[in-house]
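So the structure is just underneath, and the comments pick up after that.
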Amino acid sequence: MMDHIMNNRLSLEFGQSYVRIPLRASSRIVQADALETDWKRVLEPDRCTCVLGNPPFAGAKLQSERRRAQVRQLAGLGPSGGTLDYVPAWFLQAGEYVRRGSARIGFVATNSLTQGEQVAQLWPALYERFGLEISFAHRTFAWGSDARGMAHLHVVVIGLDKADQAPKVKRLYSYPDSRGEPSESRHQALSPYLVGADGLPDPHAVVRETSRQVGGLPPMRSGSQPIDNGNFIFDEAERAAFLAEEPGAARFLRPFVGSHDFLRGERRWILALQDASPEELKSMPRVIERTRAVRTFRKRSRRNGPSS
């Protein structure tokens, strides 16, 4: 296709017709599952220059049983299997492939590979098992397409080299506007979190999962989980309307920030009554109404635990 496009452009430039279809020489194309195929049988690593790709995206909770099994086999994370997305499997497959030879790796990937718990599951394997180093990276940006039905994703691009072949200066591209142009910075080392790691004692350091609480804090059994059927939570308009009827509740309405609010810059409020005295509650009939509604909702619940 590219040969045909370039021939057309050449014809326009020089006013002559250049036609080379059908092509006489073609690449070797193998149709197979990339995670269940020995890449060395397709092309010897010594003959490979680059491994490039845009692997299929599928979150850990959205994978089929077959895909989940493929990731677990390649990752070798023990009985739990970890929580890796589907894309890391290509990084691991490529890391194994380039052990012999000098091929470079470049993949478009879900940005979750550089955030949260996946970092500690994937990157130590790439560093320690395969001896790879990040040679360049594009931080999160919006990946779109004009194709019908194409999902709009936020992705990263990561280039990997063997540690002894990686460039001394690593380029990092950051996007102040996820749909705009990047700004470039240069570093001696890049962290798996896609930040410059020049000043870190260990550029490969990751935050690992632990079963022990930090600093003697009590264990977290669940996150923020107001079981209130929405009676205690207000957006900006609802808060203003409620305070117009119950101005005394103002000091009990506190900011309530979830991931959705944080990411989108939205504001919500929650009615926090743990410090309200019985006298104060009796003076706020609208608050009493909502408290009773919550009590009724919890009594109907089949979940174990207090009903009021």
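Note: Tyr127 and Trp123 have tilted aromatic rings, judged against thresholds of 30 and 60 degrees for the angle between ring planes. Using bins of under 30°, 30° to 60° and over 60° for the plane-to-plane angle, the ring pair His138/Tyr175 lands in the tilted bin.
In this structure, the side chain of Ser135 does not engage the main chain of Ala166 through any donor-acceptor pair within 3.5 Å. Between the Glu184 side chain and the Arg171 main chain, no donor and acceptor come within less than 3.5 Å of each other. Although no hydrogens or angles enter the test, the distance criterion places no donor-acceptor pair under 3.5 Å between the side chain of Asn8 and the main chain of Ile5. In this structure a side-chain-to-backbone donor-acceptor pair under 3.5 Å is present from Arg290 to Asn231. The backbone N or O of Gly101 sits less than 3.5 Å from a side-chain atom of Lys162, completing a donor-acceptor pair.
Connectivity analysis of hydrophobic side chains (ILVMFWY, heavy atoms under 4.5 Å, direct or indirect) links Phe297 to Ile227.
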- prompt: Can Phe130 and Val98 be said to form a side chain to side chain contact (heavy atoms under 4.5 Å, CB included), step by step?
  reply: CA-CA 8 Å; Phe130 305 126; Val98 303; over 6 Å; no
Verdict with reasoning, Trp90 to Leu35, per side chain to side chain contact (heavy atoms under 4.5 Å, CB included): CA-CA 7 Å; Trp90 269 259; Leu35 300 186; 3.6 Å; yes
- request: Determine, step by step, whether Arg99 and Glu96 satisfy the salt bridge (Lys or Arg N to Asp or Glu O under 4.0 Å) criterion, reporting the C-alpha distance in whole Å, the side-chain angles of both residues, the deciding distance to 0.1 Å, and the verdict.
  value: CA-CA 6 Å; Arg99 278 185 172 184; Glu96 176 65 37; 3.7 Å; yes
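With rounding to the nearest 0.5 Å, the separation of CZ in Arg67 from OG in Ser64 is 5.5 Å. From Met284, atom CE reaches atom CD of Glu246 across 6.5 Å, with rounding to the nearest 0.5 Å. Ile233 CD1 to Ile270 CD1: the interatomic distance, rounded to the nearest 0.5 Å, is 5.0 Å. The structure places CG of Leu122 at 5.5 Å from CG of Leu92, a figure rounded to the nearest 0.5 Å. Note that CG of Asp275 and CD of Glu280 are 9.0 Å apart. Values are rounded to the nearest 0.5 Å. For the atom pair CG of Leu172 and OG of Ser183, the computed distance is 8.5 Å after rounding to the nearest 0.5 Å.
Of all non-hydrogen atoms in Val155 and Trp143, the two that sit nearest each other are CG2-CB, 3.6 Å. The two residues Ile134 and Ser191 have their closest heavy-atom pair at CD1-O, 3.7 Å. Taking each heavy atom of Val206 and Pro192 in turn, the nearest pair found is CG1-CG, 3.8 Å. For Arg28 against Val30, the heavy-atom pair with the smallest separation is NE-CG2, 3.9 Å. Taking both residues in full, the closest heavy atoms of Trp39 and Ala94 are given as CZ3-CA, 3.6 Å, listed atom of the first, atom of the second, then distance. Shown here for Pro88 and Gln118, the closest heavy-atom pair between the two residues is CG-OE1, 3.9 Å.
Listed by chain and number, the residues in a side chain to side chain contact (heavy atoms under 4.5 Å, CB included) with Glu36 are Asp33, Arg66, Gln70 (sequence neighbours excluded). Considering only residues two or more places apart in sequence or on other chains, Thr110 meets the side chain to side chain contact (heavy atoms under 4.5 Å, CB included) condition with Phe57, Asp85, Val87, Ser112, Leu113. Lys282 meets the side-chain hydrogen bond (donor to acceptor under 3.5 Å, both in side chains) test with no other residue; sequence neighbours excluded. In terms of the side-chain hydrogen bond (donor to acceptor under 3.5 Å, both in side chains) criterion, Gln165 has no residue partners (sequence neighbours excluded). Judged as a side chain to side chain contact (heavy atoms under 4.5 Å, CB included), and not counting sequence neighbours, the contacts of Thr140 are Asn111, Gln115, His154, Val156. In this structure, the side chain to side chain contact (heavy atoms under 4.5 Å, CB included) partners of Leu243, at least two apart in sequence or on a different chain, are Arg239, Ala249, Ala250, Leu253. Residues passing the side-chain hydrogen bond (donor to acceptor under 3.5 Å, both in side chains) test with Glu181, sequence neighbours excluded: none.
Cluster annotation: Val207 is connected to Leu126 through the hydrophobic network of ILVMFWY side chains, with a link wherever side-chain heavy atoms come within less than 4.5 Å. Criterion: ILVMFWY side-chain heavy atoms under 4.5 Å apart, direct or through other members. Under it, Val169 and Val157 are not part of a common hydrophobic cluster.
Side-chain contact between Tyr86 and Arg68 is absent, with no heavy-atom pair separated by less than 4.5 Å. Looking at heavy atoms from C-beta onward, Val195 lies in side-chain contact with Arg139 at the 4.5 angstrom threshold. Side-chain contact between Leu132 and Ile105 is present, with at least one heavy-atom pair separated by less than 4.5 Å. Lys170 has its side chain out of reach of Arg186: every pair of non-hydrogen atoms, C-beta onward, lies at least 4.5 Å apart. Leu190 places none of its side-chain heavy atoms less than 4.5 Å from the side chain of Pro203. In this structure, the side chains of Phe91 and Ile158 come closer than 4.5 Å at one or more pairs of heavy atoms.
Note on residues 228-259: pairs passing ring pair (Phe, Tyr, Trp, His ring centres under 6.0 Å), not counting sequence neighbours, are Phe234-Phe242. The side chain to side chain donor-acceptor pair (under 3.5 Å) analysis of residues 193-206, with sequence neighbours excluded, yields the pairs Glu133-His204, His187-Asp198. The salt bridge (Lys or Arg N to Asp or Glu O under 4.0 Å) pairs that include a residue from residues 104-122 are Arg104-Asp161, where partners are two or more places apart or lie in different chains.
Surrounding CD of Gln274 are more than 12 heavy atoms belonging to other residues, nucleotides or ligands, all under 6.0 Å away. Atom CD of Gln73 has 12 or fewer neighbouring heavy atoms from other residues, nucleotides or ligands inside a 6.0 Å radius.
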Can you give me every donor-acceptor pair (side chain of residues 44-55, partner residue at least two apart or in another chain, under 3.5 Å) with its distance?
from	atom 1	to	atom 2	distance (Å)
Glu44	OE1	Arg100	NH2	2.1
Asp46	OD2	Arg100	NE	3.4

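For the 3.5 Å distance criterion, the side chains of Thr83 and Gln121 qualify, holding a donor opposite an acceptor.
Between Asp38 and Lys40 a salt bridge is recorded (basic side-chain N to carboxylate O distance below 4.0 Å). A salt bridge is defined here as a Lys NZ or Arg NE, NH1 or NH2 lying under 4.0 Å from an Asp or Glu carboxylate O, and Asp261 with Arg268 meets this definition.
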